[in-house]
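Everything quoted here is computed from the prediction, not taken from an experiment.
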Amino acid sequence: MSFSVLSTDPATSARRGLLALPHGTVETPIFMPVGTQASVKTLHPAELDLLGAQIILGNTYHLWLRPGHELIRDMGGLHGFTTWRKPFLTDSGGFQVWSLAKLRKITEEGVRFANHLDGSRMMLTPELSMEIQACLGSDIAMLFDECPPYPCDEAYAAKSLALTTRWAKRCKDWVVKNEPRSGDGRQLHFGIVQGSVYADLREQSARELVDLGFDGYAIGGVSVGEPEHEMFRAIENAVPFLPQDKPRYAMGLGTPPQILEMIARGVDMFDCVMPTRVARHGVAFTLDGPVQIKNLIHAKDPRPICETAHPHVSGFSRAYLRHLFRAGEILALRLLSFHNLHFYLRLVAGAREAIASGNFPEYKDSFIRRYTSSDKP
RNA sequence: GGGUAGAUGCCCGAGUGGCUAAAGGGGGCAGACUGUAAAUCUGCUGGCUAACGCCUACGCUGGUUCGAAUCCAGCUCUGCCCA
């Protein structure tokens, strides 16, 4: 059993757990920094260790195009290729079916792309995605899915979901036939629940995937432009049909309050580019909400970015951080990326502690109350 | 001293009679960003006004013209060349 629930919150669906993976055990709920190209942008792996990252992402589509999965396999997989020794989760490339929509065509067989690097035509299929991820040697591989757009009518959502289920079966078949590893070193495989905003489709998707049987279950097709209440509903419509003893992963989410809301709804794992992307664009997360560090108001502010900042960045004043951004200094991107990931990891660590000590609802509510308050100190 | 080129909004720079509060950059001020084609993208950036609009502006002064950043004269300053 790779996943074990340690404790549950009596008032919500939040739970604390341990996920044993080939390269280490992950405490849940967890936030996973995104490192699409086998690199969390701007950060040294030692810095990821410093801020307590337990697992990071890589992306099948990007690493397949460059440098190529065979090269990475020959270099010892992602762990041999990089210096990151803790778990990797690889996304299947399914999301790029959505995000690169202008460049692709979906068929039963798979997705034909004009790749974004040189425009050459390539075909990604469920089997190839699993093969690439096997070569990458990630701890968790995601199934190849179709992430439908928003809005999406029910007929298309149903059709898309049926395709995702058929692809899930093909992924499973490939793994059963080809996956060389077994036992504790085995790569885990997570199915992805789709169904857009339709409750019956979310239920159907979850049931079909559970019938096929996977190591964990993700909820996909969220954070594609839908309003926040639809995002929460998608989670609520899927979670009841997922097994208690398997990890649940909300893909691509979310803001700090959304993370807590989804932990309360029973989600264990999260990933999101937001902390690192907005960091490079000058936004720092704080207990009082996001701060645009480039703004004039910080020009003479001697305070650190946030009272909970990690010692690695807490010595830098807001005035200095603002200066670094205006001057175009790379250090600015690095410091805020580090800070924002620390903020997220601290957020979920706090949730784990709160669940363990039985005060998760209070933790969540007080965090959100302050975070969304309009008073900025 | 002579010749020559030039002087445009915070800066650089386009514009040679009306469509010009004046292209485009930069800078400045804001905003967006949710399984990363993102150190990216968007908006605003002379003054007053809620707005219609009014005023001020292309070195200075005067002139030509219905109308001038654009044409003419003089002046001031700057670069370069010659003495």
Is [X] touching bases, backbone alone, or none of the nucleic acid, heavy atoms closer than 4.0 Å?
{"X": "A:R322", "result": "sugar-phosphate"}
{"X": "A:V283", "result": "base"}
{"X": "A:T276", "result": "base"}
{"X": "A:G221", "result": "base"}
{"X": "A:D271", "result": "sugar-phosphate"}
{"X": "A:G220", "result": "nothing"}
{"X": "A:Q258", "result": "base"}
{"X": "A:L100", "result": "base"}
{"X": "A:E146", "result": "nothing"}
{"X": "A:I192", "result": "base"}

So which protein N/O to nucleotides 38-42 of chain B N/O distances come out below 3.5 Å?
{"unit_1": "B:A38", "atom_1": "O2'", "unit_2": "A:R280", "atom_2": "NH2", "d": "3.2"}
{"unit_1": "B:A38", "atom_1": "N7", "unit_2": "A:R277", "atom_2": "NH1", "d": "3.4"}
{"unit_1": "B:A38", "atom_1": "N7", "unit_2": "A:R277", "atom_2": "NH2", "d": "2.7"}
{"unit_1": "B:A39", "atom_1": "OP2", "unit_2": "A:R280", "atom_2": "NE", "d": "2.9"}
{"unit_1": "B:A39", "atom_1": "OP2", "unit_2": "A:R280", "atom_2": "NH2", "d": "3.3"}

Margin query: Between A:D118 and A:S120, is there a side-chain donor-acceptor contact under 3.5 Å, judged purely by atom types and distance?
Written below: yes
Can a side-chain donor-acceptor contact be found between A:Q54 and A:E27 if the only test is distance below 3.5 angstrom?
yes
Contacts of A:Q96 and A:R326 projected onto RNA chain B by closest heavy atom; the upstream (5') one is A:R326
Of the candidates B:U34, B:C33, B:U36, the side chain of A:V278 sits closest to B:C33
For this session: Kindly assign one of parallel, tilted or perpendicular to the pair A:F338 and A:H310, based on the angle between their ring planes and the thresholds 30° and 60°.
Result: perpendicular
Note to self: Parallel, tilted or perpendicular: which one describes the rings of A:F88 and A:H79, with boundaries at 30° and 60°?
What the structure shows: perpendicular
Given the options A:D268, A:D9, A:T8, A:R15 meets side-chain hydrogen bond (donor to acceptor under 3.5 Å, both in side chains) only with A:D268
When the [atom1] atoms of [M] and [N] are compared, how many Å lie between them, rounded to an integer?
{"N": "B:C29", "M": "B:U36", "atom1": "C1'", "result": "28 Å"}
{"N": "B:A23", "M": "B:U78", "atom1": "C1'", "result": "26 Å"}
{"N": "B:G46", "M": "B:G9", "atom1": "C1'", "result": "7 Å"}
{"N": "B:C77", "M": "B:G59", "atom1": "C1'", "result": "8 Å"}
{"N": "B:C54", "M": "B:A21", "atom1": "P", "result": "11 Å"}
{"N": "B:G1", "M": "B:C75", "atom1": "P", "result": "13 Å"}
{"N": "B:G18", "M": "B:A68", "atom1": "C1'", "result": "10 Å"}
{"N": "B:C60", "M": "B:A7", "atom1": "C1'", "result": "11 Å"}

To the nearest Å, give me how far apart [atom1] ([X]) and [atom2] ([N]) are.
{"X": "A:E226", "N": "B:G35", "atom1": "CD", "atom2": "C1'", "result": "12 Å"}
{"X": "A:Q292", "N": "B:G28", "atom1": "CD", "atom2": "P", "result": "15 Å"}
{"X": "A:L103", "N": "B:A37", "atom1": "CG", "atom2": "C1'", "result": "8 Å"}
{"X": "A:M274", "N": "B:U34", "atom1": "CE", "atom2": "P", "result": "6 Å"}
{"X": "A:L296", "N": "B:A30", "atom1": "CG", "atom2": "C1'", "result": "11 Å"}
{"X": "A:N340", "N": "B:U34", "atom1": "CG", "atom2": "P", "result": "15 Å"}
{"X": "A:W98", "N": "B:G35", "atom1": "CH2", "atom2": "P", "result": "8 Å"}
{"X": "A:F285", "N": "B:U34", "atom1": "CZ", "atom2": "P", "result": "11 Å"}

Legend entry - Side-chain donor or acceptor of A:R104 paired with backbone N/O of A:V111 under 3.5 Å: no
Distance-only, no hydrogens or angles: does the A:H189 side chain make a donor-acceptor pair with backbone N or O of A:Q187 under 3.5 Å?
-> yes
Polar pairs (N or O, both sides) under 3.5 Å between protein and nucleotides 43-45 of chain B?
none

Residue matched to [N] through Watson-Crick or wobble contacts both under 3.5 angstrom:
{"N": "B:U20", "answer": "none"}
{"N": "B:C29", "answer": "B:G43"}
{"N": "B:C71", "answer": "B:G63"}

In short, salt bridge (charged side-chain N to carboxylate O under 4.0 Å, His left out) pairs touching residues 43-68 of chain A with sequence neighbours left out are A:E47-A:R334, A:D49-A:K86
- Task: Take A:F144 and A:L128 through the test side-chain contact (heavy atoms from CB on, under 4.5 Å) and record every step on the way to the result.
- Result: CA-CA 9 Å; A:F144 189 63; A:L128 180 55; over 6 Å; no
Is any side-chain nitrogen or oxygen of [X] closer than 4.0 Å to OP1 or OP2 of [N]?
{"X": "A:N295", "N": "B:G31", "answer": "yes"}
{"X": "A:N115", "N": "B:A37", "answer": "no"}
{"X": "A:T36", "N": "B:U36", "answer": "yes"}

Does the ring of A:F241 carry A:R202 above it, NZ/CZ under 6.0 angstrom from centre and within 45° of its axis? no
message: I'd like to know if A:D145 reaches the base of B:G35 with its side chain such that a donor and an acceptor end up less than 3.5 angstrom apart.
response: yes
For A:F113 and A:Y61, I'd like to know if the aromatic rings sit close, meaning centre-to-centre distance below 6.0 Å. yes
Near A:L6 CG, under 6.0 Å, is it more than 12 heavy atoms from other residues, nucleotides or ligands?
-> yes
